[in-house]
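I am attaching a structure below and will ask some questions about it afterwards.
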There are 2 protein chains.
Amino acid sequence: MSGFKRVTLADVASRVGVSAITISRALRTPEKVSPQLREEIARAIDELGYVPDRAARALASSRTDVIGVLIPSVTNNVFSEVLLGIYTAVENTPFDIQLGNTRYSSLKEEDLLKVFLSQKPAGLIVTGIDQSETSRALLKNAACPVVQIMEIDEDPIDLMIGFSHYEGARTATAHLIEQGYRRPGFAGARMDPRSQRRFRGFRDVATEAGLYAEERVITTTAASSVTLGAQLFAELIERAPDLDCVFCNNDDLALGVLFEAQRRRIAVPGQLGICGFNDLEMMAAAEPPITSIRTFRHDMGRRAVELLVDAIAQGRPRSGAVVDLGFELRKRSSTRSR
Amino acid sequence: MSGFKRVTLADVASRVGVSAITISRALRTPEKVSPQLREEIARAIDELGYVPDRAARALASSRTDVIGVLIPSVTNNVFSEVLLGIYTAVENTPFDIQLGNTRYSSLKEEDLLKVFLSQKPAGLIVTGIDQSETSRALLKNAACPVVQIMEIDEDPIDLMIGFSHYEGARTATAHLIEQGYRRPGFAGARMDPRSQRRFRGFRDVATEAGLYAEERVITTTAASSVTLGAQLFAELIERAPDLDCVFCNNDDLALGVLFEAQRRRIAVPGQLGICGFNDLEMMAAAEPPITSIRTFRHDMGRRAVELLVDAIAQGRPRSGAVVDLGFELRKRSSTRSR
DNA sequence: CATTGAAATGTTAGCGCTAACAAATGGATC
DNA sequence: GATCCATTTGTTAGCGCTAACATTTCAATG
């Protein structure tokens, strides 16, 4: 039952009584086909149930309608929301998404990039600004537009959309200090480059205020989780019992810190202030609700695709456009309000 | 700089001094090429940096190395963990994943299926057992193996791997009743077919124990979230103040219930027992840790791919194999232990 | 009414690979 | 050493589409 003969362009063409290329044009550049023919072709395509063969198209035109996306993790909520934005935006375009999971490894990223590039993608979305030299060169020379997402700096490969993790962390830390906390701590997991920039934001503001202390910093390369947040806080509070607030690398950790504080009967926000990063949905629902730095992940995915689609349409590679989506401090009850 | 001439099979062939088909064979069926030649070819491929052109391969062989995956949501943790399993398993195979997001719509599923099928995938992974008649027919006639994941029943389209949501819910509800709770409630969001089967498991066990009451059931079609869990519980407890435990459709809701209970100074597990479903990582870290039904999502993704790859290798379609991964009740402090 | 040129449609070739069949090679066997 | 057969390698054609160039059509113009 599976042997339905494929309906080809030629089938549609002979049905309409024109040549195959005309059908091809009606599909790709309809303005070059007369309106009445266009309509007739549309009808024939419908009746025959013709679906273009992407492989043949790709081979003939040496282009594809694939947008390659490289993200470090599929399970991290942050990236899955970006991904949702990407899928949403792609929905009404002819493009398809090809996802690659780099697992936070720039070697794996390089490999995936080579595979992706060999498929001649229409565009590429890559995460962050810390590509290896090789990857960067590959991307610079890519025959398609490239968007870097999640971060911004002054040296985009091509397009860029994101926000400053450093400034986000500065804002969070400044908030803690403004609220009267004087012995700020930092908890960080999966210290990838973005996390490290957040740490630097924390460190710089704390240092400027004369409140930085290394014993109040705990980090690990392990993957972030709520459980890990609880563990890190347990270690941190043993080591630095005078700690009066924690800025967490991300919301999972922050939630873990909250739970561990509750277990230890440490009052939040009275004895301990907690601030997360990303403002996942659950932060507002927690008890107490947790202060966090909101980032615009869905928008980032959506607009990354829009940037790409525009660039592809205009055939204008290497534009250097940088979009700063910013962030927002969401003050909630896990930090004191003076 | 982007105009590197593509390295083709022919280039490798002339370098080695054989014909193109031999290189092709060395790549796809190495056992049919003599060992020394194989080695020589491998070296040449390496030196020239040859990467096969998938489009050309697909066109010539009318097959692809793409495994299509249809899931209802990319942001739901449950599916993203399945996805991770899938990506992990696919890593050391020649296959690629093409992801489709059905957004819980069987119409969208049908559309995606048609698109996927027209690309002649090597295999398909679809979520659940509630495909539309059309989709089911398409899948039955598909020229490739198909795995249904997340659920099990006696009528697989081809392969199937999952567990019984109904039985999971029964186990959870029985646990609540065993622990002495007598006025069990149910909170459910996004009442998709799987959620409905969970509800039925709850209802049946509660009814059998003579403890079912409709006013203690609250459901919504809205997407599940922690915030929603808190809201649903708030409504539920107003409506049925005598409620003494809640079985939640999933862990997001359960966490929301816990937070809302804390806000209302309702003691967990003393005054209120809470049980979730899926056992996301955070359940064990919560304060108190939340009882849940553990499901094996990563394994499910991984083994779904393995089933598929085996079926593809054996060219044996429609096997009817059903794998029950089961589930496990994780008793924690959010439910009384007698 | 011949000329022009833009718009609409067609012809030819080939993208890079593999299916299907063909041929060569090299032992084992009588 | 002729015969057979399995193993290894090659030849030819074509998958379905589009690039590049060619041709036709037809309205506008002097």
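Naming: A, B, ... by sequence-line order, numbering from 1 per chain.
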| request: Have a look at S19(A) and say if it touches a base, only the backbone sugar-phosphate, or nothing, with a 4.0 Å heavy-atom cut-off. | output: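 Base contact - S19(A) has a heavy atom under 4.0 Å of at least one base atom.
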| request: For S73(A) and N76(A), indicate whether the former's side chain and the latter's backbone hold a donor-acceptor pair under 3.5 Å. | output: yes
| query | Roughly, in whole Å, what's the span from CG in L37(B) to C1' in dT8(D)? | reply | 9 Å
| said: From C-beta outward on A60(B), which listed nucleotide comes closest to its side chain: dG10(C), dC15(D), dA19(C)? | reply: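 Of the options given, the side chain of A60(B) lies nearest dC15(D).
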| Euclidean distance, atom CD1 of residue I21(B) to atom P of dG14(D) [Å, nearest integer] |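 After rounding, the reported distance stands at 16 Å.
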| request: Identify, with sequence neighbours excluded, every residue that meets side chain to side chain contact (heavy atoms under 4.5 Å, CB included) alongside R15(A). | output: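 Once residues adjacent in sequence are excluded, the partners of R15(A) under the side chain to side chain contact (heavy atoms under 4.5 Å, CB included) criterion are A44(A), E47(A), L48(A).
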| query | In whole Å, what is the span from the CD atom of Q119(B) to the C1' atom of dG16(D)? | reply |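 Atom CD in Q119(B) sits about 12 Å away from atom C1' in dG16(D).
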| field | Distance in angstrom units between E40(B) CD and dT8(D) P, rounded | value |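 So the two atoms are 15 Å apart, to the nearest Å.
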| field | Which nucleotide in dG16(D), dT9(C), dG10(D) has an atom nearest any side-chain atom of R6(A) | value |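 Side chain of R6(A) sits closest to dG16(D).
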| request: Specify the separation, in whole Å, of atom CD1 of I23(B) and atom C1' of dT9(D). | output: 11 Å
| note | Considering only heavy side-chain atoms of L59(A), the closest of dC15(C), dT18(C), dT18(D) is dC15(C)
| said: I need the CG-C1' distance between L9(A) and dT9(C), as an integer number of Å. | reply: 15 Å
| Salt-bridged, R43(B) to D46(B), with N to O below 4.0 Å? |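 Looking at R43(B) and D46(B), the cut-off is not met.
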| Pairing of D192(B) and R190(B) as salt bridge, 4.0 angstrom limit |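 Looking at R190(B) together with D192(B), the answer is no, because their closest N to O distance does not fall below 4.0 Å.
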| request: Considering just the side-chain nitrogens and oxygens of T22(A), establish if one lies under 4.0 Å of OP1 or OP2 belonging to dG10(C). | output: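 So the side-chain polar atoms of T22(A) do come within 4.0 Å of the phosphate oxygens OP1 or OP2 of dG10(C), strictly under.
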| message | Assess whether a salt bridge exists between R302(B) and D299(B), defined as any Lys/Arg side-chain N lying under 4.0 Å from an Asp/Glu carboxylate O. | response | yes
| query | Taking the nucleotide of DNA chain D with the closest heavy atom to each, which residue, S34(B) or A58(A), is nearer the 5' end? | reply | S34(B)
| Out of I125(A), D324(A), L307(A), L308(A), which residue meets the side-chain contact (heavy atoms from CB on, under 4.5 Å) rule with I161(A)? |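 When I125(A), D324(A), L307(A), L308(A) are each tested with I161(A), the side-chain contact (heavy atoms from CB on, under 4.5 Å) holds only for L307(A).
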| remark: Which of D158(B), D130(B), D155(B) passes salt bridge (Lys or Arg N to Asp or Glu O under 4.0 Å) with R136(B)? Answer is D155(B)
| task | In whole angstrom, give the distance that lies between atom NZ of K32(B) and atom P of dT18(C). | result |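 Checked: the NZ to P distance equals 13 Å.
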| message | Under 4.0 Å, counting only non-hydrogen atoms across every strand here, what does R28(A) touch: a base, just sugar-phosphate, or nothing? | response | sugar-phosphate
| query | Closest to the R63(B) side chain: dG16(D), dT9(D), dA19(C)? | reply | dA19(C)
| request: Would you indicate, yes or no, if dT18(D) has its OP1 or OP2 atom less than 4.0 angstrom from a side-chain nitrogen or oxygen of S24(A)? | output: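 For S24(A), the contact criterion (side-chain N or O under 4.0 Å from OP1 or OP2 of dT18(D)) is met.
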| Between the base of dG10(D) and the side chain of R25(B), is there any donor-acceptor pair under 3.5 Å? | yes
| message | Here's one to test your reading of the geometry: is the NZ or CZ of R297(A) within 45 degrees of the ring axis of F79(A) and under 6.0 Å from its centre? | response | no
| How long is the line joining CZ of R57(B) and P of dG16(D), in whole Å? |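 To the nearest whole Å, that distance equals 18 Å.
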| remark: Per-helix bend value, the helix from dC1(C)-dG30(D) to dC30(C)-dG1(D), C1' rotation axes over five pairs per end, 10° rounding, shows 40°
| task | May I ask you to say what Q36(A) touches in the nucleic acid, namely base, sugar-phosphate or nothing, with a heavy-atom cut-off under 4.0 Å? | result |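 If one applies the 4.0 Å heavy-atom cut-off, Q36(A) turns out to touch nothing in the nucleic acid.
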